[in-house]
Structure formats: structure tokens, C-alpha cells
Amino acid sequence: MVLNSLDKMVQLQKNTANIRNICVLAHVDHGKTTLADCLISSNGIISSRLAGKLRYMDSREDEQVRGITMKSSAISLHYAEGNEEYLINLIDSPGHVDFSSEVSTAVRICDGCIIVVDAVEGVCPQTQAVLRQAWLENIRPVLVINKIDRLIAELKFTPQEAYSHLKNILEQVNALTGTLFTSKVLEERAERGGERQGSPRADAAELVYDWSAGLEHTDDSHLYFAPEQGNVVFASAIDGWGFGIEHFANIYSQKIGIKKEVLLKTLWGDYYINMKAKKIMKGDQAKGKKPLFVQLILENIWSLYDAVLKRDKEKIDKIVTSLGLKIGAREARHADPKVQISAICSQWLPVSRAVLAMVCRKLPSPLDMAPERVEKLMCAGSQTFESLPPETQALKAAFMRCGSEDTAPVIVFISKMFAVDAKALPQNRPRPLTHEEIAERRERARQRHAERLAAAAQGQAPVGSPPDGSAPDGSPEGEEPKGEEQQQAESVTPDPGPQDESGQETFVAFARVFSGVARRGQSIFVLGPKYSPAEFLQRVPRGFSAPPDDLPPVPHMARCTLEHLYLLMGRELQDLEEVPPGNVLGIGGLQDVVLKSATLCSSPACPPFVPLTFEATPIVRVAVEPKHPSEMPQLVRGMKLLNQADPCVQVLIQETGEHVLVTAGEVHLQRCLDDLTERFAKIQISVSEPIIPFRETITKPPKVDMVNEEIGRQQKVAVIHQTKEDQSKIPEGIQVDSDGLITMTTPNKLATLSVRALPLPEEVTRVLEENSDLIRSMEQLASSSNEGESAQVMHQKTREKIGEFKGKLEQHLTGRKWRNTVDQIWSFGPRKCGPNILVNRSEDFQSSVWTGPAGKAAGEASRYRDVANSIVSGFQLATLSGPMCEEPLMGVCFILEKWDLSKLEEQGASDKQGQGLEEEGQEEGAARSGGEESLALRDGPSGPGEKRTPQKAESSLPDCYGPLSGQLIATMKEACRYALQVKPQRLVAAMYTCDIMATSDVLGRVYAVLSKREGRVLQEEMKEGTDMFIIKAVLPVAESFGFADEIRKRTSGLASPQLVFSHWEVIPSDPFWVPTTEEEYLHFGEKADSENQARKYMNAVRKRKGLCVEEKIVEHAEKQRTLSKNK
Ligand SMILES: Nc1nc2c(ncn2[C@@H]2O[C@H](COP(=O)(O)OP(=O)(O)OP(=O)(O)O)[C@@H](O)[C@H]2O)c(=O)[nH]1
Ligand SMILES: [Mg+2]
């Protein structure tokens, strides 16, 4: 029997005060989904016998197979208590750390949460993480201590032992809450303190926030979990029972005749009862008495388990009758004691009642949203609520009121998009016909029948389609009108919709209405994360009355229509016409406007919600490709869908053309790959080993050699490696001076370039990285003005920022070597915004990123422009992939010292002479497209003919090298690479910061793993009040694969690291290093084969990219032969 019919749900949705939006949070495997099963079975959606076995919310096949939840999903339940009826929107979340992003998406749209803790395992790392998440989002928690049956059956605890154990767990959880609370109060205090200094309303702030001045004065008792507060339930989800102490307080107050209020306070705690005197006394252990909780509650449960497990039929019957229960004959006779237990217990102490009652009583309704939560949601980034425009601030009231009247603004937050099979959508599902439709069909069939009869009577052939031209319906011809029963069974599949043809997956938004009523067909604004209501209000006059479609375009804002609204029912969706405020819902048809999350609002004054905070950062990066190359389009499409369907996966296409997936961990990776092959792409794919990004750079020549001898003064240079590596890389015909200046000529010998590479100071690289967005917008402005488009007006703010940026560069680029460098910066690279610069020191042509072509060059701009463009392109290519392992460069400055185009010009001039200058316009044309045009001119059939012949013969030579622009690009690129190779090259590695929490006894092992993987410990701190240490370390990304696993294994799961990308770091060792002095030779041996970290990484990347790797495979062949001589 399904209790919650759709109509009932729709009715319940309107009573906001009785709605509870909750999620179930816990460490992995603590029983969230099992508990959800119990709650669902109370609504008759699944049978109570299957509860705990079905794991209804784990609707994916891999979730069922692996036994862990991977996606959070929602279901709406009905609960009645007394006269009140409640709607509970329950969200089950995953506990595995890889899927913690799914927890974030669930927590955002809830007002409360159920924290589940395994009675045996107690508080685990993820328990801590989810509790923290609940705190950060300001949602209120209640506690379920689950799996108490394990204390009886597995650990064989006595009731007294179990009580102490439970007390312990409760203390652990409360200790966590205490830490969170303390840190929050301290943080707030610090914040307010800062504000107070700068705020003119210091006095007011002082008054309001005085309560937090001293922690000891702050009342935090309501925050803690305490059975007497009614926010703790003891349960065994698998056996279907659970209770809060209120239940027993009710029973015993009648039985023993002690006031319920007294019992409520004393059932948990060190109190005992003097049965004779009917008095409750304090202090139990000292007098050898049992606490009330043991005597009145646990012992009963224990004796029931005991009776059932011992198959004591008589005792069972006694208990059952004394409890007034009725057990079905089948369960009573069942061989498995578990079945009996769950049959008895789920009637005696149904867990769903205990948990749902607690949820309804203790968790807030959408109407009770805390003002601070609203402010937090509305203030993204470093904004403060006070800094928002007044129209925006006014929306706070709407959030708080959660009103459903027509004037209330509609505010919806989408926390994720999930994929569903298009066939499973209600509008595509076959549905039973309504009475009207049945009547209509019957009428039509009757008409057809009558027509046919009439036609037959006239001797005509039967007509195929009805005369009115309407489409023939599904019933075959000549069919007799059906009886009503038959027709009722018939069903229709209405308008399949466009998705149905294109593919099988469509996206539904997982959302919540925060204010106003969301109606089907309503048009609404979609606000991107960067949308600023202030900007809108600036552009649009106050009190605008134009229809929304006539609004001027505002960045990061779009409009959409709410095409379908759904009630989320676990595996199923139900169509809804409208959703009142405070409800969780699904929205269909938004896949083209919303990627992962978004804020929808009917008022443009609404700010986008704070972005979701994800605890795990994507780290595992692999390249995927289709097994059959022809299936590339499917893969690309599949990856796009996957990106949308997962809150935290990243999908990239690298410049190498590789399709890359970045995932949070190994389990997450596996799920993404499964999704890709089975749902989104439906093709076979091959997956690479994890990819590690590197950068290449150069450094100053070292002052000391590898054995710390000063270079230069030492005399004892051994003659071991005669071939000077650096020189050998440079082919003949290229000039290199002692200072590393490379001079190269294009193959056609017409242009000569001189390039030098210098390492940029570290600070400059950092400034460049930080300002890459600014550089990009500078570039866009420059290119648009180059193309002669109406010059965009540069924002005053942007101009200031550019000035500031230039100032910073000047500040760091000081000294003789860098004189005037900043003014001569010609381009940034790669992709015109990277952390490398090209400096133009040639005298002929000056152009800089700050001013564009300047001075003398401005007049000749068009003449040189294409040559210049080619040179810049060459620089871009050179910085995109370096000579070591084709990874991008970082922190390198290329200086174009000279460019000699005199030969080109000579030729151009003589060409022009030859041309006779009869066509004035061609001059410009020739210059504009550089060499190409001039070559074409030279070979042109037209013109004065004979006079040019000697030149023509001479210049027909370069033709075989192709257009000059191409030659210039290639020459510039090569020159840059050689300029790098004559300098000491270094590899730059990406580094993670790594936070590890570990207890003191596993600390040693954590250090061992860290040092094995080239990690460097930065800081070690003892967490106050615990024996936990917090270790902060940096670790190369290249060494991070399997790191978390190794740490977890070595410490038996007691320490788990969190890795976050932090910065790039130059690896000090030289990848090309070979010993050159006697000392070095003595120290490292001839081969220098002691591990060279940089070389190891470089060769690994080269191997992956299919580049040649210089490795000596067989070193001493003779020796090997001698070894095998005995054979
Ligand atoms: N003994 C016992 N086992 C339980 C109980 N509740 C759940 N389990 C078992 O614990 C295992 C995990 O249960 P789930 O409900 O899948 O746990 P979960 O918290 O949803 O796990 P994730 O979603 O992967 O984080 C299953 O094998 C359950 O049968 C309980 O009350 N007692
Ligand atoms: Mg689960």
C-alpha cells in the first residue's frame, strides 16, 4: 500500500511549517542507506521485510554491487504525528570521501541533517568531515547511533558495558561539536574585531556581539547531543528498531508512576531507581547499582535478543504477548533468528517512528531559516552583506518569510544536475488514460466504425485514414470498440520530445525553492556565479518596467523557462504543476542553460548563491581515448555529459589533443569511467596511466658544483665527458656567442634573428601568474583595436589595474640587465597570457603590450606587422612546449636583440622598382602579407618583364621553403629553443599541500611515507584537547598517486591526507647533469646513476609523449657476458 499519493504530497508541500528538508550524513558504511530504507518502508513504498536489504536509494547498479552510495538522491515521505502531518524531504548521501562533493550538494538544500554513527566504530574521519560541513552550512544536526545490535551479537557486551560504550561515543561526537563551536565563535570574534576597527558603527557592533566576548559566557548547551534533549536515537537499522528515551519515559511513567519529566531527565545518565520507594537517586556505580538506561531499556532489548538467538520459544512468546504485539506465523516460524528479531522489534520500537518524530520535533522547518545562514548564502567571496545593494538586501526578508504569495520573488537554487534515462521521465512514461481520453477514443472508434459500415454499404473500399485528416490512432483497422476495462489498460506515450531521439540521457536539476512558488512554464533568470546584481542595477534604471525580454544584456545572466517540475521519489520522478517554497524538487529542461549548479530567480536583484564548497579537490588525472578512433565524437559528447552529471569531475582537452578526466580519487575515477562507457558515450575506451603536469624553465648558472666546490676556481677538471652537452645540441650554422645569444637565419636567408633567454626573477613569474586574467583582457583589447574595430572603452578600473601590474613588474625587474625591459615587453606566452615574456630590443621596430606599435614604428606599422606577428607566433609556440619534454615554459624571458630584414627589404625594394610602381595600392598589399605577397609578385607573370629577369632567377630559389611567414615562425621558435638549451634548464614540478591528521602513535609511519615520496614537512601541530597531530607538508604531484591509500594502509585508516594543489616549484637537480670534475666523478661515478629526480620525471614524460629517451640500456655488456659464461 502506498500511502503517499501524489495529491497528498502536493497538499503537504503547501504547509511550509510542516516541511522538513533533511539529509542523512555519516562515515562510509555506517548505515545511512539502510536507515533510509526503514524510513521509506514506513510509507509503504517498499515492504518492511525488504527494508535494509533493498537499499532503495542506491538505484545505480554499481552502487548495489559495491555496496556503497555514490550519488545523493532524494525522496519525499509523509509522516503523521497526532493531528499534524509532515512532509519530509529526505536525501541520502554517500559517505566515501571521493564523493564528498555529493554531500555538499545535499547539505546546501537542507535545513537539518541526521548524523549516523556506527556504535562499534564510533566517530570516524568522515563523521568529522560531514559534521563540519553541516556547521559550515549552518544546518542543524540530530544523531542516530546505529548498529547497536553489533554490540550484542558481535562484541557480546553486557548492557552495562554497552551503556559505557555508548556514553563514550556520545562524548566523542560532542567533543567534535565543541571544537567546531569554539572555532566558530573565535572566528566570528576575530571577524567582528576586524570590523569594529574600521566600522563607524563600532558601538552597535559592540552591543550586538558582546555575547561572544568570552566563550565561557556563551550558552552552547542546546548544540550538543544529549538523549534527554531528544536529539539522539539509538538504533539498529538492519533490525528495524530504534528509540529515543522519550518513548520509554512515556511507558515507564505510566508503569512505575514517576513523572515523565523526571524520567526524561534521568533515563540517560548516572541515576538509579529505588523500586520500593519509587525514587530516582543520583550516583550509580559507587553503590553498585545499574543506571536507569541499563535497567529499564537495554536489559529488555538484550533479553529479547538472547531469547531469539537461543530459540527460546516460550520466552519469545512471553515477550511478544507482554508487549502486545502480533507476529505473523511465517516470521514466527522462520529459521533465521534475524527475521524474527526484526519482525518483533520493528513492531515494538519502529525506527522510522523514532527518527521521524525526532526530525519533526528537533529540526527546523524552512520557515526557521537562521538569518546568518541567509546572509552567508547571499554573500559570495569577500563581500559583506552590508555592501550589497539595498534591493538585494531586501531579498533577505523574502528568504526568511519563505512566502508563497504571488508577489514573493521566486528563488531557486540548483545544487547539481543528475542524469536520468529519458524514458524514465514522467512525461515520456506510458500512463494510464484518463476517463475523458477513454471516452474520446471510444467516440472516435465508434465514428470510424460507423463510417466503415456506411462505406461498405455503398460498396466502397474501406478508407485508410479518417476523412478529417487527423492522424490515425494506434488501433488497428477494423477494430471493434473496446470494452471499458480493456481500454483502461491501454496507455499512451505522449510526445516523446526531442531528447528521446537524440539520446537516452537527459538532465534533471536537483534543486530547492527558497522563496515564492515555482510554476511550470514560468520564465526565470538564471544567474551565473559571477553575476553581480549591483552591475545590473547600475545598467537598468531603478524600478524598470520593461518586459524582461527587453532588458539590456547583462553578463552572466540568462533566461530560461521551467519546463518540467518533478517530485523526487528516489528512483522515480512525478510530474508537478507547481512547487511551493521550502521544497526540494527536480527541474527538467535546463541542461542547456545550467552546467552544474546555478541560482534561479525572478528578480535580477538576487545575488548568485555562494558556490558550493567541496572538501575533495580533483587530483587523479587520466587521459582517455576511444578504442576505435572513429568513435571520437561519441567520446567528446560523453565527456561533456559526464561533466554536467558530476559535481566535481573536470573534463579537459589538453593542447596535445588528449582528452583528460580529473577526478577526486580512484573510486570516483572508476565510477566516472563506468558512466562514460555505459551511459554517456557507450563506447569502449582506453585509459592512460595518471598524467602529471610539469613546466620547464631555466636558471642562473650554479655557483657551486655538485660536490659543493666553487665553479670557476677549481682547476681539477677531469676529462671524462669531452662532449660538452650544451654545444652538442646546437646544430651547425647557428651562431652562439659566449653569453647565450643565438643568431639564426631563415632557410631562404632573407631574415636573421638574434634571441637570448634569461630566467625571470621568481617574483615576476608570480606576478605574471596572478595577473593572467588581466593580461588576457589587455590582449583582447589590443587585438580588437588592431583590427580597426571601434575601440572598446577601457574601464577606468582596468586601466588602474594595468598600471598597478606594470608598476609591480618594474619594481621586480631592476638592475642593469633589466633596464627598460618592462617598456619593451612585446608579448606574453604561451597563449598570449602565460608566465613568460618576449622583449623586443631591436631598433627598427618598437611595439609593446602597453602602447601598441610606437614611435617610428607606428608609421611603418603596417609594413612590419606581419613579420612581427610571425615572430610573436614563433615565441608562442616555443613557450607552449619546451625542449626538455614538450611541457609549457614558465618564468623565461626571451629577448629579441636584433632582427635583420635588410635583405628582405632590398629584395622588396628592387621588386618594387621592377614593378615600376605603376600600381600604387600594391605597395601596401605586399607589406601586409609579408613575404608571401612579395614572392608572388616576383613570380608574377605581369609586369615589366625583361628588366626583372636576373632577379627573378636569383630569387626563385627560396620558393622551395614556403611562405616567409611560416619560415619566420619556425626560425623564431627554433631560436628560442636553442637559446633555452644553452642555459641551465630545470624542470618545474606541481606541488600539493597536504594536511594529515594523525594520532601520535602513527605519526612515525606518516613521516616514513612522506619522506619516501619526496614530501617535505612544513609544520606539525598538536590539536588542542586531543592526541591528534595536524601535519602540513608539501608533496610533488608526481609522487601523489596511491599516497592517500598508502597512508591509510600504513596507519590502518587512522590518518587520511587531504591534498590541495598549491604551487609550482623548481626541482633543483639538473636533468642533464653528468659529472665533469674529478670530485664529482669520485662522488657520483661515471654514469652518475644515483637517482636524478628531474631526469626521472623528464624521461617519464618523454616516454608518455612518444619522444625519444636517451637511456643507456646495456652499460657493461662484457661483464654481462662473463656472468653467463657458465652456461
Ligand atoms: N549489524 C548491522 N549492520 C548494519 C546496520 N545498518 C546497516 N548495516 C550494514 O552496514 C552495511 C552498510 O550499510 P549502508 O546502509 O549501505 O551504509 P551507508 O552508510 O549507506 O554506506 P555508504 O552510502 O557507502 O556511505 C550494510 O552491509 C548493512 O547491511 C545495523 O543496524 N546493524
Ligand atoms: Mg549509502
Side-chain angles (χ1 to χ4, degrees), residues 23-41 46 48-75 90-103 105-106 113-130 133 143-157 162 166 169 233-243 301 305 308-309 336-339 341-342 345-346 349-352 354-355 570-571 615-616 665 667-668 670-671 1053:
C23 50
V24 196
L25 307 176
H27 189 75
V28 64
D29 261 1
H30 280 196
K32 296 175 288 295
T33 311
T34 312
L35 180 66
D37 258 10
C38 296
L39 306 186
I40 295 166
S41 78
I46 59 174
S48 61
R49 239 179 266 142
L50 285 178
K53 298 180 191 74
L54 199 60
R55 290 192 292 120
Y56 183 75
M57 299 303 271
D58 286 352
S59 50
R60 297 165 53 97
E61 194 185 330
D62 48 359
E63 287 178 327
Q64 287 285 345
V65 172
R66 273 183 182 249
I68 64 169
T69 309
M70 299 183 183
K71 289 264 172 198
S72 47
S73 47
I75 190 161
L90 177 79
I91 303 177
D92 181 30
S93 73
H96 193 283
V97 63
D98 275 12
F99 305 112
S100 60
S101 57
E102 292 279 341
V103 176
T105 62
C113 62
I114 303 176
I115 306 269
V116 180
V117 177
D118 184 325
V120 174
E121 290 182 11
V123 172
C124 290
Q126 256 340 78
T127 317
Q128 210 167 331
V130 293
Q133 259 173 329
L143 183 69
V144 171
I145 300 186
N146 189 29
K147 304 201 186 182
I148 293 189
D149 61 302
R150 289 181 71 190
L151 300 180
I152 310 173
E154 259 173 57
L155 301 188
K156 309 246 182 304
F157 276 174
L166 292 173
I169 289 179
V233 158
F234 303 90
S236 164
I238 200 117
D239 290 341
W241 60 264
F243 62 87
I301 297 171
Y305 268 78
V308 176
L309 292 176
D336 186 356
K338 277 268 176 196
V339 177
I341 287 186
S342 95
C345 290
S346 58
L349 301 167
V351 63
S352 56
V355 172
R571 304 177 180 194
E615 298 265 311
V667 188
H668 186 211
Q670 194 52 48
R671 207 219 61 220

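Everything quoted here is computed from the prediction, not taken from an experiment. In each ligand, atom 1 is the first atom listed, and ligand 1 is the first ligand listed.
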> When you measure from atom 16 (O) of ligand 1 to every protein heavy atom, which one gives the shortest distance, and what is it?
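Going by distance alone, atom 16 (O) of ligand 1 is nearest to Arg55 CD, 3.5 Å.
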> Got an N/O contact under 3.5 Å between Ala235 and ligand 1?
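Between Ala235 and ligand 1, no N or O pair is found under 3.5 Å apart.
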> Ring-plane angle category for Phe243 and Trp241, please: parallel below 30°, perpendicular beyond 60°, tilted otherwise.
parallel
> So, Asp62 and Arg60, do they make that salt bridge, N to O below 4.0 Å?
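Salt bridge between Asp62 and Arg60, a charged N being under 4.0 Å from a carboxylate O: yes.
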> Based purely on interatomic distance, does Thr33 place a nitrogen or oxygen under 3.5 Å from a nitrogen or oxygen of ligand 1?
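Yes, since at least one N or O of Thr33 sits under 3.5 Å from an N or O of ligand 1.
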> Which atoms of ligand 1 sit under 4.0 Å from any heavy atom of His30?
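Matching atoms, with element in brackets: 19 (O).
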> Taking the side chain as every heavy atom from C-beta outward, state whether Val24 and Leu39 have any atom pair closer than 4.5 Å.
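No; the side chains remain at least 4.5 Å from each other.
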> I need the atoms of ligand 1 closer than 4.0 Å to a non-hydrogen atom of Asn146, numbered in the order shown.
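Under 4.0 Å from Asn146, ligand 1 has these atoms: 6 (N), 31 (O).
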> For Arg150, which part has a heavy atom under 4.0 Å from ligand 1: side chain, backbone, both, or neither?
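The answer is the side chain of Arg150.
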> Among all protein heavy atoms, pick out the one at the shortest distance from atom 17 (O) of ligand 1; state its residue, atom name and that distance to 0.1 Å.
Gly31 N, 3.2 Å
> If we only count N/O pairs under 3.5 Å, is Asp29 in contact with ligand 1?
yes
> Has the side chain of Glu102 got a donor or acceptor atom that lies under 3.5 Å from a matching backbone atom of Ser72?
yes
> Would you say the side-chain atoms of Ser346 and Ser48 include a donor-acceptor pair closer than 3.5 Å?
no
> If I apply the N/O under 3.5 Å rule, does Ala237 come out as touching ligand 1?
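Between Ala237 and ligand 1 (N or O atoms, distance only) the closest approach is under 3.5 Å.
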> Got a donor-acceptor contact below 3.5 angstrom from the Asn146 side chain to the Val116 backbone?
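Flag not set: sc Asn146 to bb Val116 has no pair under 3.5 Å.
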> Quick check on contacts: which atoms of ligand 1 are under 4.0 angstrom from a heavy atom of Lys32?
15 (O), 17 (O), 18 (P), 19 (O), 20 (O), 21 (O), 22 (P), 23 (O), 25 (O)
> Between Asp149 and Ile341, is there a side-chain heavy-atom distance shorter than 4.5 Å?
no
> In the protein, what heavy atom is nearest to atom 10 (O) of ligand 1, and what distance, to one decimal place, separates them?
Lys147 NZ, 3.1 Å
> Just to confirm my output: which protein heavy-atom neighbour is closest to atom 29 (O) of ligand 1, and how far is it?
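Minimum-distance protein heavy atom for atom 29 (O) of ligand 1 reads Ile238 CD1, 3.0 Å.
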> Would the distance check show the side chain of Asp92 and the main-chain N or O of Ser73 forming a donor-acceptor pair, the cut-off being under 3.5 Å?
no
> Output the list of atoms in ligand 1 that are nearer than 4.0 Å to some heavy atom of Thr69, sorted by atom number.
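Ligand 1 atoms under the 4.0 Å threshold to Thr69: 20 (O), 22 (P), 23 (O), 24 (O).
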> In the protein, which heavy atom is nearest to atom 13 (O) of ligand 1, and how far is it?
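So the nearest neighbour among protein heavy atoms is Thr34 OG1, 3.4 Å.
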> Looking only at non-hydrogen atoms, find the nearest pair between Val351 and Cys38 and report the distance.
CG1-CB, 3.4 Å
> Please examine the side chains of Ile75 and Met57, heavy atoms only from C-beta on, and report whether any two atoms are closer than 4.5 Å.
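They are in side-chain contact.
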> Going by a strict under-4.0 Å cutoff (protein heavy atoms only), does atom 5 (C) of ligand 1 have a neighbour on the protein?
yes
> Between Gly122 and Thr127, which heavy-atom pair has the shortest distance, and what is it?
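Result for this residue pair: O-OG1, 4.4 Å.
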> Which of the numbered atoms in ligand 1 are below 4.0 angstrom from a heavy atom of Ile68?
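This gives 24 (O) as the contact atoms.
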> Please check whether Gly52 reaches ligand 1 - meaning an N/O of the residue sits under 3.5 Å from an N/O of the ligand, judged on distance alone.
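No.
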> State whether the side chain of Gln128 and the backbone N or O of Val123 hold a donor-acceptor pair below 3.5 Å, judged by distance alone.
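Pair absent, no side-chain N/O of Gln128 close to backbone of Val123.
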> Any donor-acceptor pair under 3.5 Å linking the side chain of His30 with the backbone of Val117?
no
> How many protein N, O or S atoms are found at a distance of less than 2.8 Å from the Mg ion (ligand 2)?
2
> Could you say whether the N/O atoms of Gly95 and ligand 1 ever approach to under 3.5 Å?
yes
> With atoms numbered from 1 as shown, which atoms in ligand 1 lie under 4.0 angstrom from a non-hydrogen atom of Asp149?
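Per the distance check, 1 (N), 2 (C), 30 (C), 31 (O), 32 (N).
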> For Val116, which part has a heavy atom under 4.0 Å from ligand 1: side chain, backbone, both, or neither?
neither
> Less than 4.5 Å apart, any side-chain heavy atom of Gln133 and any of Leu25?
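The answer is no; the side chains never approach within 4.5 Å.
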> My question is simple, although I want it checked carefully: is atom 25 (O) of ligand 1 less than 4.0 angstrom from any protein heavy atom?
yes
> Please determine if Asp239 and Lys338 form a salt bridge, counting it only when a charged side-chain N lies under 4.0 Å from a carboxylate O.
yes
> Polar-atom distance check: Lys338 versus ligand 1, any N or O pair below 3.5 Å?
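No: no nitrogen or oxygen of Lys338 is under 3.5 Å from one in ligand 1.
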> Please confirm whether the backbone N or O of Gln64 pairs with a side-chain atom of Asp58, one donor and one acceptor, at under 3.5 Å?
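Pair absent, no side-chain N/O of Asp58 close to backbone of Gln64.
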> May I ask you to identify, for Glu154, whether its side chain, its backbone, both or neither come under 4.0 Å of ligand 1 on a heavy-atom basis?
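Near ligand 1, Glu154 shows nothing, with every heavy atom at 4.0 Å or more.
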> Between Arg671 and Lys71, is there a side-chain heavy-atom distance shorter than 4.5 Å?
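Yes, close enough: below the 4.5 Å cut-off.
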